[in-house]
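Only one structure is covered here, and it is reproduced in the block below.
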Amino acid sequence: MPDNSSQRPSDFIQEIIKEDLETNKYEGRVHTRFPPEPNGYLHIGHAKSICLNFGIAKKFNGLCNLRFDDTNPTKEEVEYVESIKKDVRWLGFDWGDRLFYASDYFEQLYQHAVQLIKMGKAYVCDLSADEIREYRGTLTEPGKESPNRNRPVEENLDLFERMRRGDFPDGSRTLRAKIDMKSGNINMRDPVMFRILHAEHHRTGDKWCIYPMYDYAHCISDSIERITHSVCTLEFEDHRPLYDWFLNELNVFHPQQIEFARLNLSHTIMSKRKLLQLVQEGHVKGWDDPRLPTISGLRRRGYTPESIRNFCERIGIAKRDSMVDMALLEYCIREDLNKHAPRVMAVLRPLRVVIDNYHEGQVEELEAINNPEDAGMGTRKVPFSRVLYIEREDFREDPPKQFFRLAPGREVRLRYAYYITCVGVIKDEKTGEVIELRCTYDPATRGGDSPDGRKVKATLHWVSASHSLEAEVRMYDHLFTKADTEDEKDGGDFKAYLNQNSLETLNSCRVEPGLTNAKPGTRYQFERQGYFSVDPDSSNGKLVFNRTVTLKDTWAKIEKAKK
RNA sequence: AGCCAGUUCGUUCAAUGGUAGGACCUCAGACUUUGAUUCUGAUAAUGGGGGUUCGACUCCCUCACUGGCUGCCA
């Protein structure tokens, strides 16, 4: 686990824990848990919770469990269990031997329910789902009591046992807690504890046909694991009285539930339901599509665990709803990659350049620095020859005032190579498109410095045409055009804000030859372009890169401002 | 309409009765063989109204606004 806990800023949850430690509320123990439901892939919002829970445990010398909240067999799958374990591990956290499942506790949950029935605090209800809804009342009107509410204990016991045995069809009965149908908090209006579901569970198979509800299962699972601080998101605030009710009635170990605001990120979605929809309807290529804020998507995109942890630390923990700007996440990955990613030259949209006064057939190996931020990363050789490629956007036949890259008659530097001057522009006769540049080089500027001290305003990246490798590069942009995708006020659903240009695939990119054996997952900075990582779609002959994030681009900003 | 929570720079997190601060964003400048990085600087906030107090972002009242809650989902 990363040890950056010492300078970690404090938040209201840590304040509560510090106080509990001082008053010895839990014998000095701190024990948290991360309790995902295995019904989807983890996303950056989960990362916030993971960093919080594991981070707290680390900071206070406690423990953090990984517990799958698998009480709904109709939605949960092993595929999700495996992906979640992988993602938590990848993020850098370790649950040791404490991998649990709510389904481990089904028998205890059943026995505690029997106990509540015996106490007269729970009853079997024969109302249908529709009737329960009707009896529940509304936000402003109190509910009505179920006709079965005062069923004798013996009858409840018998019925509940038969529910377990499978005597009744799905939905025909439920076990309910007997609390208060008039409560202003609807969660307290005799909530369902168990429902009948003849469904195959990914772990218990067909052993059970009744399954506990979240509110009932979660507090008891926490109690069984002797969790001290049960941290969850704000929408469970209304459920806390119920969490406390079950534990109080059962008189068992009582963790305290603390709620914090979930993460919202601009230009994306965090809802599992919507994520699933994008995947299933093919708006993205899968759960690990690099445009998605899923952990697997971010991983494929090229994000590092370190950068995500850092991000989670910077956004902080609070109780008010907020929307973090995607720019902060991007800042975090640039910060990390700037220090660690080797630099390399890649031309995304090639423009052919012929150096007229460079000997045909001659090749020089020029030395390039792998990372100016880290001399320890050394240098490499890149081949230079008569025919090169430069970036199309680095040349303008008619340059605007602030454009100081290559133009007819102008001299610029090719990084680590020579000064070159544009002496000719060759166009396609039919389309007028510039297809080749003729340049001359100054042999005295080898390496990129001119002995006479004359300056050039621009340094361009380049590759040697014959030595460079062809590559596919996938350029990603925000998945949504609107920062707040939840804002559906103007009638549209969130998909109306989908960015039609969130993926642009470039097929004839040229990268320097040193990349020939680059392994999937390797991250590079393409100089002057951004950070890119090798996609698993790469095969022997064909490299595929994902653009993780662009470099900050002042020139792009200037151009945009002019429009 | 009922219950619960919340409201501080554009964004986000602090300030726990005593000088409203950090980060991101934005802007300007310096440096630069990446229009990158780095460095320097700037802009910029306590929802409204009462009250308590020598003193209120902080405590109280009230209004407004925002979010959550009427699954046999979690």
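In what follows, every heavy atom counts, from backbone to side chain, and hydrogens, waters and symmetry copies are set aside. Throughout, a chain's letter reflects where its sequence line sits, starting with A, and its residues are numbered from 1.
- A129(A) comes within contact range of at least one nucleobase, with a heavy-atom separation under 4.0 Å.
- I558(A) comes within 4.0 angstrom of a base, heavy atoms only.
- Close to rU32(B), at under 4.0 Å from its OP1 or OP2, lies no side-chain N or O of T459(A).
- For rA74(B), one of the phosphate oxygens OP1 or OP2 lies less than 4.0 angstrom from a side-chain nitrogen or oxygen of T71(A).
- Note on H239(A): a base of the nucleic acid sits closer than 4.0 angstrom, heavy atoms only.
- The ring pair (Phe, Tyr, Trp, His ring centres under 6.0 Å) pairs that include a residue from residues 314-342 of chain A number zero, where partners must be two or more places apart or lie in different chains.
- At a threshold of 4.0 angstrom between heavy atoms, the contacts of E259(A) with the nucleic acid are absent.
- The same atom, P, is picked in rC57(B) and in rU70(B); the two are 38 Å apart, to the nearest Å.
- Taking 3.5 Å as the limit, the base of rU12(B) and the side chain of R320(A) contain no donor-acceptor pair of atoms between them.
- The 5' end of RNA chain B is approached more closely, in terms of each residue's nearest nucleotide, by A261(A) than by the other of N338(A) and A261(A).
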Taking N or O atoms only and anything under 3.5 Å, show me the protein contacts with nucleotides 22-31 of chain B, one pair per line.
from: rA23(B); atom 1: O2'; to: R314(A); atom 2: NH1; distance (Å): 2.9
from: rC24(B); atom 1: OP1; to: Y331(A); atom 2: OH; distance (Å): 3.0
from: rU26(B); atom 1: OP1; to: K557(A); atom 2: NZ; distance (Å): 3.1

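- Residue contacts shown for I132(A) include a base, since a base heavy atom lies under 4.0 Å away.
- Spacing of C1' atoms, rU34(B) relative to rG18(B), comes out at 50 Å, to the nearest Å.
- Using a 4.0 Å heavy-atom distance criterion, F194(A) is classed as making no nucleic acid contact.
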Dot-bracket pairing map - RNA chain B, Watson-Crick plus G-U, both contacts under 3.5 Å, | cross-strand
.((((((..((((....[..)))).(((((.......)))))....(((((..]....))))))))))).....

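- Looking at R133(A), its side chain has no donor and acceptor atom pair within 3.5 Å of the base of rG71(B).
- Spacing of P atoms, rA15(B) relative to rC73(B), comes out at 40 Å, to the nearest Å.
- Geometric assessment of R547(A) against the ring of Y531(A) yields a negative cation-pi assignment under the 6.0 Å and 45° thresholds.
- Nucleotides rG17(B) and rA5(B) are separated by 24 Å at their C1' atoms, to the nearest Å.
- Comparing rG67(B) with rG51(B), their C1' atoms sit 28 Å apart, to the nearest whole Å.
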For nucleotides 2-4 of chain B, tabulate all protein N/O to nucleotide N/O atom pairs closer than 3.5 Å, reporting atom names and distance.
from: rG2(B); atom 1: N9; to: L139(A); atom 2: O; distance (Å): 3.4
from: rG2(B); atom 1: N3; to: L139(A); atom 2: O; distance (Å): 3.0

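- Here Q402(A) lies in heavy-atom contact (under 4.0 Å) with a base.
- Contact annotation: R136(A) reaches the phosphate of rC72(B) (side-chain N/O to OP1 or OP2, under 4.0 Å).
- rG41(B) and rG21(B) have their P atoms separated by 15 Å, given to the nearest Å.
- Judged by the 6.0 Å and 45° rule, K274(A) forms a cation-pi pair with F494(A).
- Nucleic acid contact for S322(A): sugar-phosphate only, since backbone atoms but no base atoms lie under 4.0 Å from a heavy atom of the residue.
- Between F403(A) and P36(A), the one whose closest nucleotide on RNA chain B sits nearer the 5' end is F403(A).
- By the side-chain contact (heavy atoms from CB on, under 4.5 Å) test, T554(A) is found to be paired with I558(A), residues two or more places apart in sequence or in another chain being considered.
- Taking 4.0 angstrom as the limit, T554(A) places a side-chain polar atom (N or O) nearer than this to OP1 or OP2 of rA36(B).
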Polar-atom pairs under 3.5 Å, protein N or O versus N or O of nucleotides 56-59 of chain B: list them with distances, or write none.
none

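- Salt-bridge check for R405(A) with E393(A): passed, with a basic side-chain N closer than 4.0 Å to an acidic carboxylate O.
- Ring stacking is absent between Y214(A) and rA74(B), as the pair misses the limits of under 5.5 Å between centres and under 30 degrees between planes.
- Of all non-hydrogen atoms in Y123(A) and N148(A), the two that sit nearest each other are CD1-O, 3.5 Å.
- Annotation: rA45(B) and rG10(B) have their C1' atoms spaced 10 Å apart (nearest Å).
- Using atom C1' as the reference point in both rA42(B) and rC25(B), the two lie 14 Å apart (nearest Å).
- Going from atom CD of E141(A) over to atom C1' of rC69(B) covers 15 Å, rounded to whole Å.
- Of the side-chain N and O atoms in R195(A), one or more sit less than 4.0 angstrom from OP1 or OP2 of rC73(B).
- Nearest nucleotide to the side chain of A318(A), out of rC13(B), rG35(B), rG71(B): rC13(B).
- Within 4.0 Å of L127(A), counting heavy atoms only, lies at least one base atom of the nucleic acid.
- For the pairing with L42(A), the side chain to side chain contact (heavy atoms under 4.5 Å, CB included) check across D87(A), L298(A), T294(A) returns one residue only, D87(A).
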